[in-house]
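Down below is the structure, laid out as structure tokens.
Note: hydrogens, waters and symmetry copies are ignored here, and every other heavy atom, side chains too, is used.
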Amino acid sequence: MGKKYWLFKSEPGAYSYPDLEKDEVAEWDGVRNYTARNYLRSDIKVGDGVLFYYSNAKPQRIVGTALVVRDGYPDFTAWDPKSDHYDPKSTQENPIWYMVDIKPLTRFQKEITLQEIKNIPDLHDMILVNNSRLSVQPVTATEWEIITSLGN
DNA sequence: GCCAACGTTGGC
DNA sequence: GCCAACGTTGGC
């Protein structure tokens with residue numbers, strides 16, 4: 001399997017790119033959507049590229065890239081009753097939710113806004129454009145190339 | 001702040 | 001298993 005590409009969303013007030021740079025490695029926890037979970041559990045692998053997107057921001061935009069440094073493993077925050085992401089249906093024997101670890105790669109010199117993406121015909125098929133709700137989504141190699149060459 | 005789109009829940 | 005009702009996300 002070759003290298004694959006993804007887009008992860010975060011609200012900058014909840015977890016920003018500078019937070020990732022400070023932490024050096026982030027556990028991408030708290031995803032509670034089955035489509036996104038399937039990607040995290042089965043498809044996202046060490047070495048894959050991640051576009052870091054700010055949702056609910058002004059403007060919404062991609063601010064940089066990150067690198068996957070750990071394959072999917074159970075999201076233990078689901079087991080913690082004190083966590084905002086607690087889910088009593090998930091157990092250590094039968095975990096429901098998964099996460100990966102990422103580290104910062106490059107912070108864009110020029111951030112790419114959602115509006116710019118919508119203005120580029122070759123990016124019109126991005127899930128970001130067509131299903132704005134999915135918080136972990138695949139990106140094609142072509143889309144990755146266009147966006148990173150504009151940003152860096 | 002509004003609301004469309006989407007995902008999940010639960011009654012049947 | 002279907003689908004209506006509800007809750008959430010996130011763009012505008």
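Taking atom CD on Glu116(A) and atom P on dG11(C), their separation rounds to 15 Å, with Å as the unit. Atoms CG (Leu128(A)) and C1' (dC6(B)) sit 15 Å apart, rounded to a whole Å. Rounded to whole Å, the distance from CE on Met126(A) to P on dG11(C) is 12 Å. Atom-to-atom, CD of Gln60(A) to P of dC12(C) comes out at 6 Å; the value is rounded to the nearest Å. Following rounding to the nearest Å, Arg133(A) (CZ) and dA4(B) (C1') show an atom-to-atom distance of 9 Å. Regarding Leu114(A), its CG atom lies at a distance of 14 Å from the C1' atom of dT9(C), rounded to whole Å. When rounded to the nearest whole Å, the span between OH of Tyr54(A) and C1' of dC12(C) equals 21 Å. When rounded to the nearest whole Å, the span between CZ of Arg37(A) and P of dG7(B) equals 14 Å.
To the nearest 0.5 Å, the span separating CD1 on Ile146(A) from CE on Met126(A) amounts to 9.0 Å.
Lys118(A) comes within 4.0 angstrom of the backbone, heavy atoms only, and of no base. Contacts of Tyr53(A) with the nucleic acid, taken as non-hydrogen atoms under 4.0 Å apart, involve only primed sugar atoms and P, OP1 or OP2.
With dT8(B), dG11(C), dT8(C) as the candidates, the nucleotide lying closest to the side chain of Tyr34(A) is dT8(B). The listed nucleotides are dC12(C), dT9(B), dG10(C); the one nearest the side chain of Lys89(A) is dT9(B).
With a 6.0 Å radius and a threshold of 12 heavy atoms from other residues, nucleotides or ligands, Lys45(A) has its NZ atom above the threshold.
Aromatic ring centres of Trp97(A) and Tyr34(A) lie closer together than 6.0 Å.
Salt-bridge formation is detected for the pair Asp75(A)/Arg32(A): a Lys NZ or Arg NE/NH1/NH2 atom is positioned less than 4.0 Å from an Asp or Glu carboxylate oxygen.
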